[in-house]
Amino acid sequence: MANETRAKALNAEAQAVGSSLSNDTKHFNDYHVCPISLGFDSQTASTTQLADHFERMGLFGYRDTLEEHRIDGSLASLLTDGDLRDMGIVCVGDRLRIRSILDKLKRRERMRDRNDVLWEGEERIYFTDCERLCITCGGCCPDDPSTYALTSTHLKVKNVFPLRICRLRLPCCLEYKVDNIDLSTVDGVDVIGIPAPSCMRVFCCADGKEWVDLHRVRRRDGQGTASGVNRIVLQQGAGEKVSDLIRNQVAEVQVMERY
């Protein structure tokens, strides 16, 4: 009787949350994730929250089992079929349902991790503000620096190409290109320091720039490989830190591909 009451309450909660979801959120159903699970973080969930999630997914009767074996969200993804048997879950169907729920949560967590931004930056165009003001006519004709965003698997480089008359940028007809650099194709990362011109260093104390070059190996089906270089331009002092971040993520992606 208590389970039926709880089931009705959870179903009502699921319907209320589901009715408020946007079309973008509902797109997650393509990955076989129940809408109610979108606010559920499996990595930080307590045992009680994990049991609540199981019940939202229609799996009742295992709250005491999870509490007895102290299984929380951080451990749930490690459970094997043998572990579930050792916990006393003898029903094959329920074991399969539990594994299915956990697999869906792991897929959603991986998708979220892939989209998390680890670093954002902007192209360094000028050495000094004086140079910028001169070239952009006192800021009336601003430039459009490239922007960079590093995730766990890609480096996104966005280049903007506005329509201009001489140096004057028009508010319409804006074009842009986004290059999503797959870190699994990066073979090396180099940093090149570019000092400011001597006159700018003397009179304006200008800092230099740093080029971060990503050497890539592009695979061609049946035709071997082709190499290339992508360059991002940063202010002095930022290049080494960013290159270390990129190298770390390249190593992580290569480990993920091996396994």
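Values in this document were obtained by computation on a predicted structure and should not be read as measured data.
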Engineer: Identify which one of Thr153, Val217, Val253 satisfies the side-chain contact (heavy atoms from CB on, under 4.5 Å) criterion when paired with Ser184.
Structural biologist: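 Among Thr153, Val217, Val253, the one that satisfies the side-chain contact (heavy atoms from CB on, under 4.5 Å) with Ser184 is Val253.
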
Engineer: Which heavy atom of Thr44 sits nearest a heavy atom of Gln49, and at what distance?
Structural biologist: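 That closest heavy-atom pairing would be O-OE1, 4.0 Å.
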
Engineer: Going by side-chain contact (heavy atoms from CB on, under 4.5 Å), name the residues that satisfy it together with Glu131, two or more places apart in sequence or in a different chain.
Structural biologist: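 Checked Glu131 against side-chain contact (heavy atoms from CB on, under 4.5 Å); matches are Tyr126, Phe127, Thr128, Ile135, Met200.
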
Engineer: Do the non-hydrogen side-chain atoms of Thr47 and Arg63 ever get within less than 4.5 Å of each other?
Structural biologist: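 The answer is no; the side chains never approach within 4.5 Å.
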
Engineer: For Ser152, does its backbone N or O pair with a side-chain atom of Gln249 as donor and acceptor, under 3.5 Å?
Structural biologist: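 Yes: the side chain of Gln249 pairs with the backbone of Ser152.
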
Engineer: Output the distance between atom CD1 (Ile181) and atom CD1 (Ile246), rounded to the nearest 0.5 Å.
Structural biologist: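 The CD1 atom of Ile181 sits 8.0 Å away from the CD1 atom of Ile246.
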
Engineer: Which residues pass the salt bridge (charged side-chain N to carboxylate O under 4.0 Å, His left out) test with Arg99, not counting sequence neighbours?
Structural biologist: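 Arg99 satisfies salt bridge (charged side-chain N to carboxylate O under 4.0 Å, His left out) with no residue once adjacent residues are dropped.
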
Engineer: Please, which pairs that meet salt bridge (Lys or Arg N to Asp or Glu O under 4.0 Å) have at least one residue in residues 234-245, sequence neighbours excluded?
Structural biologist: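 Sorted result for residues 234-245: Asp244-Arg247.
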
Engineer: If you measure from CG on Leu245 to CG on Leu150, what distance do you get to the nearest 0.5 Å?
Structural biologist: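 Rounded to the nearest 0.5 Å, the CG-CG separation comes out at 6.5 Å.
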
Engineer: Determine yes or no for a side-chain-to-main-chain donor-acceptor pair under 3.5 angstrom, with Thr151 supplying the side chain and Asn115 the backbone.
Structural biologist: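 Such a contact is absent between Thr151 side chain and Asn115 backbone.
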
Engineer: For Val92, what are the other residues in its hydrophobic cluster, where any two members join if their side-chain heavy atoms are less than 4.5 angstrom apart?
Structural biologist: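 Traced through the cluster, Val92 reaches Leu96.
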
Engineer: Supply the atom-to-atom distance Asn230 CG to Leu155 CG, rounded to the nearest 0.5 angstrom.
Structural biologist: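 It comes to 8.0 Å.
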
Engineer: Do Val250 and Leu183 have side-chain heavy atoms sitting under 4.5 Å apart?
Structural biologist: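 Sidechains of Leu183 and Val250: in contact.
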
Engineer: Compare all side-chain heavy atoms of Met87 with those of Ile71 and state whether any distance is below 4.5 angstrom.
Structural biologist: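 They are in side-chain contact.
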
Engineer: Write out all pairs satisfying salt bridge (Lys or Arg N to Asp or Glu O under 4.0 Å) with one or both partners inside residues 64-85, taking only residues at least two apart or from two chains.
Structural biologist: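 Non-adjacent pairs meeting salt bridge (Lys or Arg N to Asp or Glu O under 4.0 Å): Asp81-Arg85, Asp81-Arg95.
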
Engineer: Assess Lys158 against Tyr176: is NZ or CZ under 6.0 Å from the centre of the six-membered ring, and within 45 degrees of the ring's axis?
Structural biologist: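 So Lys158 does make the cation-pi contact.
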
Engineer: Check the pair Leu59, Ile101 against side chain to side chain contact (heavy atoms under 4.5 Å, CB included), reporting the backbone distance first and the verdict last.
Structural biologist: CA-CA 10 Å; Leu59 196 61; Ile101 292 171; 4.3 Å; yes

Engineer: Run through the side-chain heavy atoms of Ile, Leu, Val, Met, Phe, Trp and Tyr, join any pair under 4.5 Å, and report what else lands in Val202's cluster.
Structural biologist: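 ILVMFWY cluster around Val202 also holds Phe203.
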
Engineer: Could you pull out all residues at least two apart from Ile192 that satisfy side-chain contact (heavy atoms from CB on, under 4.5 Å)?
Structural biologist: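 Testing Ile192 for side-chain contact (heavy atoms from CB on, under 4.5 Å), a comparison that skips the adjacent residues, returns Ile194, Trp211, Asp213, Arg231.
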
Engineer: Can you tell me how far CG of Leu84 sits from SG of Cys91, rounded to the nearest 0.5 angstrom?
Structural biologist: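 Rounded to the nearest 0.5 Å, the SG-CG separation comes to 11.5 Å.
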
Engineer: Could you list the residues that satisfy side chain to side chain donor-acceptor pair (under 3.5 Å) with Tyr148, not counting sequence neighbours?
Structural biologist: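 Partners of Tyr148 under the side chain to side chain donor-acceptor pair (under 3.5 Å) test: none.
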
Engineer: Could you tell me whether the side chain of Gln236 reaches within less than 4.5 Å of the side chain of Arg124, counting heavy atoms only?
Structural biologist: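 With C-beta onward as the side chain, the pair stays apart.
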
Engineer: Of all residues at least two apart in sequence or in a different chain, which pass the side chain to side chain donor-acceptor pair (under 3.5 Å) check with Glu123?
Structural biologist: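 So Glu123 forms a side chain to side chain donor-acceptor pair (under 3.5 Å) with Ser146.
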
Engineer: Mind listing the closest non-hydrogen atom pair of Ala76 and Leu50 along with its distance?
Structural biologist: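 Answer, listing the atom of Ala76 first, then Leu50: CB-CD2, 3.8 Å.
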
Engineer: Could you note down all residue pairs passing salt bridge (Lys or Arg N to Asp or Glu O under 4.0 Å) where residues 181-201 supplies at least one of them, sequence neighbours left out?
Structural biologist: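 For residues 181-201: none.
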
Engineer: Report the residues that fulfil side chain to side chain donor-acceptor pair (under 3.5 Å) with Asp86, sequence neighbours left out, ordered by chain and then residue number.
Structural biologist: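 Counting only residues at least two positions away or on another chain, Asp86 forms no side chain to side chain donor-acceptor pair (under 3.5 Å).
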
Engineer: Please round to the nearest 0.5 Å and tell me the distance separating atom CG of Leu66 and atom OG of Ser46.
Structural biologist: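 Spacing of CG (Leu66) from OG (Ser46) equals 10.5 Å.
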
Engineer: Which residue, Val191, Leu234, Leu214, forms the side-chain contact (heavy atoms from CB on, under 4.5 Å) with Ser243?
Structural biologist: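 Per the side-chain contact (heavy atoms from CB on, under 4.5 Å) rule, the option paired with Ser243 is Val191, out of Val191, Leu234, Leu214.
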
Engineer: Who passes salt bridge (charged side-chain N to carboxylate O under 4.0 Å, His left out) against Lys156, sequence neighbours left out?
Structural biologist: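 Residues passing salt bridge (charged side-chain N to carboxylate O under 4.0 Å, His left out) with Lys156: none at all.
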
Engineer: Going by atom types only, do Asp94 and Tyr62 share a side-chain donor-acceptor pair under 3.5 Å?
Structural biologist: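 Tyr62 and Asp94 do have a side-chain donor-acceptor pair below 3.5 Å.
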
